[in-house]
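Counting starts at 1 for both ligands and their atoms, in listed order.
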Amino acid sequence: MQRIHDIYRPTDERKCDWREVERMLSDEELKEQTSRCMNCGQPFCHAYGCPLGNFVPDQNRAVAQGDWKRAYALLTVNSDFPEFTSRICPALCEASCVHQLDEESVMVRQSEKRIIETAFENGWVVPRPPEKENGKSVAVIGAGPAGLSAAVTLRRRGWSVTVYERRANIGGLLRYGIPCFKLDKSLIDRRRAILEAEGIRFVTGIEVGKDLSAEWLAKHNDAVIVAIGTPAARDLKIPGRELAGIHLALELLEGQNRFLTGEISAPPISAKGKDVLVIGGGDTGSDCVGTAIRHGAKSVTQIEIMPKPPDERGASTPWPLWPYMLRTSSSHKEGCERRWNLNSLRFVESDSPTTSHEPRTTDHEPHVSGVEVETVEWEFSPEGRPVKFHAVPDTREIIKADLVFLAMGFTGVPAENPIVAQLGLTQTPRTALISDSSKNIFCVGDCASGASLVVRALASGKDIPLQ
Ligand SMILES: Cc1cc2nc3c(=O)[nH]c(=O)nc-3n(C[C@H](O)[C@H](O)[C@H](O)COP(=O)(O)OP(=O)(O)OC[C@H]3O[C@@H](n4cnc5c(N)ncnc54)[C@H](O)[C@@H]3O)c2cc1C
């Protein structure tokens, strides 16, 4: 029996709406898939792959036997938010599945989705307030996955928990970054109701450091958890950056999510009828691709300075490591040109009216019409990792674009963030925040590790040495 590859709704259907792109596999499909699990003596999925340490083989066996209640009980020993990870986790467990040595891994993520949704349908997901209050209070700064995970963990230990969030709603990048077509935002609302019933308080629309001092929070609580993510996106400071039509990826993604959840009345950016260029070949770029396609872009191109990864697991990342290899997302399959080995040199100004179906904000605003790029060649390490590039002569060309999104990652927490000084925090050379356990201040998630994954943020939020 093979792994099922047909996991998406039909392309023509899904690219016309904002609903989740993945279909729900049936009980029968999942029973068959989980029965492929070999229940390995040394389960790398559980002990090595999953940052939460989920009991994957036991969970698989419960699903294969149709015992969904037991599967739910096993899943939630370590996982407090399976409805999120089961939709957007790259499934590190599957990459370390022993089946990867000879065939394809067991489908763990999709079975997790079915387990948690079955649990919600049957009313098994109920608030679990602490049996006893411990009389201590903690302030959590930031309501992304790391902050939520820390909040639920400490609440279960009896702490009084207040989460402060600068945005209008909770979820962090789950709500404001990841598109609705990957993660429906009603799932965050559904979880919020449970967290509140457990006694967690949310104070939204408050930016700690500005509206409320972090020092004050430290003084009036027994502990502070800093879970503020990595707010600074990497920019591309090449000539022409000031032209209209060039945006950071999150301007598009956040605006679209806020629009779809009713926070604002119109999306701030529309790609309708435009030639869209996404600079940056990773997941954030792929999310821009899917969003631009749903807007009705005329064309979507995604470029990357790095070389095209191998189609199969590369030699530099043997099993059970997370594989360096080409990843093609559902958004890519919806219609996008992808190119690699391209260095962006300058943005080109439009000297003619934009091709957009929409009028410009002002007649005279200098607007982007393309990006001049140059092909590069990479030198590789003996393990096959790209290490250094040089330009290939006479390969300059202009890629036409009247809307450009920069999706080149995040740069950590700026030292000027007032929370750093107010709590007296130190930072690593890469600007990650360092916990100060002597003052009961713990930094978790992306702000402590650098931009990473939801599952790692969740694991980090659970890993707080406070009783
Ligand atoms: C576009 C995009 C798509 C992604 N897709 C995936 C994916 O598919 N799968 C995956 O695993 N990972 C994905 N990631 C990465 C993942 O979203 C992050 O690793 C994860 O959200 C980090 O969690 P966090 O809680 O540390 O930070 P965040 O999610 O960034 O949350 C930080 C929170 O702190 C709040 N905050 C910041 N400063 C303050 C302040 N001063 N006062 C109060 N509140 C504050 C912010 O508003 C935010 O709500 C994606 C990231 C992006 C940008």
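- For ligand 1 and E207, the ligand atoms under 4.0 Å from any heavy atom of the residue are 41 (N), 42 (N).
- Close approach of ligand 1 to R167 (heavy-atom distance below 4.0 Å) involves ligand atoms 47 (O).
- When heavy-atom distances to ligand 1 are checked against a 4.0 Å cut-off, I419 comes that close only through its side chain, counted from C-beta outward.
- The protein non-hydrogen atom at the shortest distance from atom 5 (N) of ligand 1 is I178 CG1, 3.4 Å.
- Residue contacts with ligand 1: A146 is placed with a nitrogen or oxygen under 3.5 Å of a nitrogen or oxygen of the ligand (distance criterion only).
- Here L253 has side-chain heavy atoms under 4.0 Å from ligand 1, and that is the only part of it that gets that close.
- When hydrogens are left out, the protein atom nearest atom 26 (O) of ligand 1 is D446 N, 2.8 Å; that is the closest non-hydrogen contact.
- Using a 4.0 Å cut-off between heavy atoms, K182 contacts ligand 1 through its side chain alone, with no backbone atom that close.
- For the residues Q422, E165, E254, the heavy atom positioned nearest atom 48 (C) of ligand 1 is part of E165.
- Exactly one of R157, R128, R156 qualifies for a salt bridge (Lys or Arg N to Asp or Glu O under 4.0 Å) with E198. That residue is R156.
- Of the candidates G147, C288, A227, the one placing a heavy atom closest to atom 33 (C) of ligand 1 is A227.
- V413 is listed as a side-chain neighbour of Q427, based on a closest heavy-atom distance under 4.5 Å.
- Of the heavy atoms in Y176, none comes closer than 4.0 Å to ligand 1.
- A cation-pi arrangement is not found for R14 relative to F181, the charged atom failing to lie both closer than 6.0 Å to the ring centre and inside a 45° cone about the ring normal.
- With P320 as reference, S96 is the one residue of C93, C45, S96 to meet the side-chain contact (heavy atoms from CB on, under 4.5 Å) rule.
- In terms of modelled atom types and a separation under 3.5 Å, the side chain of R114 and the main chain of T118 share no donor-acceptor contact.
- The protein heavy-atom contact nearest to atom 16 (C) of ligand 1 is V454 CG2, 3.7 Å.
- Of the candidates R456, R166, R87, R166 brings a heavy atom nearest to atom 45 (C) of ligand 1.
- On a distance-only criterion, F410 and ligand 1 share no N/O pair closer than 3.5 Å.
- Against a heavy-atom cut-off of under 4.0 Å, L453 is close to the following atoms of ligand 1: 10 (C), 11 (O), 12 (N), 19 (O).
- For ligand 1, the atoms closer than 4.0 angstrom to any heavy atom of I141 are 42 (N), 43 (C).
- Cation-pi geometry between R190 and F120 is met: the NZ or CZ atom falls under 6.0 Å from the ring centre, inside 45° of the normal.
- For ligand 1, the atoms sitting less than 4.0 Å from at least one non-hydrogen atom of G445 are 26 (O), numbered in the order shown with element in parentheses.
- For ligand 1, the atoms sitting less than 4.0 Å from at least one non-hydrogen atom of G172 are 29 (O), 31 (O), 48 (C), 49 (O), numbered in the order shown with element in parentheses.
- A distance-only check finds no donor-acceptor pair linking the side chain of T11 to the backbone of E334 [under 3.5 Å].
- The ligand atoms of ligand 1 that sit less than 4.0 angstrom from a heavy atom of Y164 are 43 (C), 44 (N).
- A donor-acceptor contact closer than 3.5 angstrom links the side chains of E263 and Y176.
- Here is the list of ligand 1 atoms found below 4.0 Å of a heavy atom in A457: 22 (C), 23 (O).
- Looking only at protein heavy atoms, the nearest one to atom 42 (N) of ligand 1 is V208 N, 2.9 Å.
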Sequence neighbours excluded and cut-off under 3.5 Å, please list the side-chain donor-acceptor pairs for residues 277-293, or say none.
unit_1	atom_1	unit_2	atom_2	d
S286	OG	S329	OG	2.8
D287	OD1	K182	NZ	3.0
D287	OD2	K182	NZ	3.2
T291	OG1	D287	O	2.8

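- Considering both main-chain and side-chain atoms, I88 comes within under 3.5 Å of ligand 1 through a nitrogen or oxygen pair.
- At a 4.0 Å heavy-atom cut-off, ligand 1 does not touch S460 at all.
- Among protein heavy atoms, atom 3 (C) of ligand 1 sits closest to D287 OD2, 3.1 Å.
- R385 forms a cation-pi arrangement with Y324, by the criterion of a distance under 6.0 Å to the ring centre and an angle within 45° of the ring axis.
- In terms of protein heavy-atom proximity, atom 51 (C) of ligand 1 is nearest to L173 CD1, 4.0 Å.
- For the residue pair S137/N221, the side-chain donor-acceptor check at 3.5 Å is satisfied.
- Considering backbone and side-chain atoms together, D283 places no N or O closer than 3.5 Å to any N or O of ligand 1.
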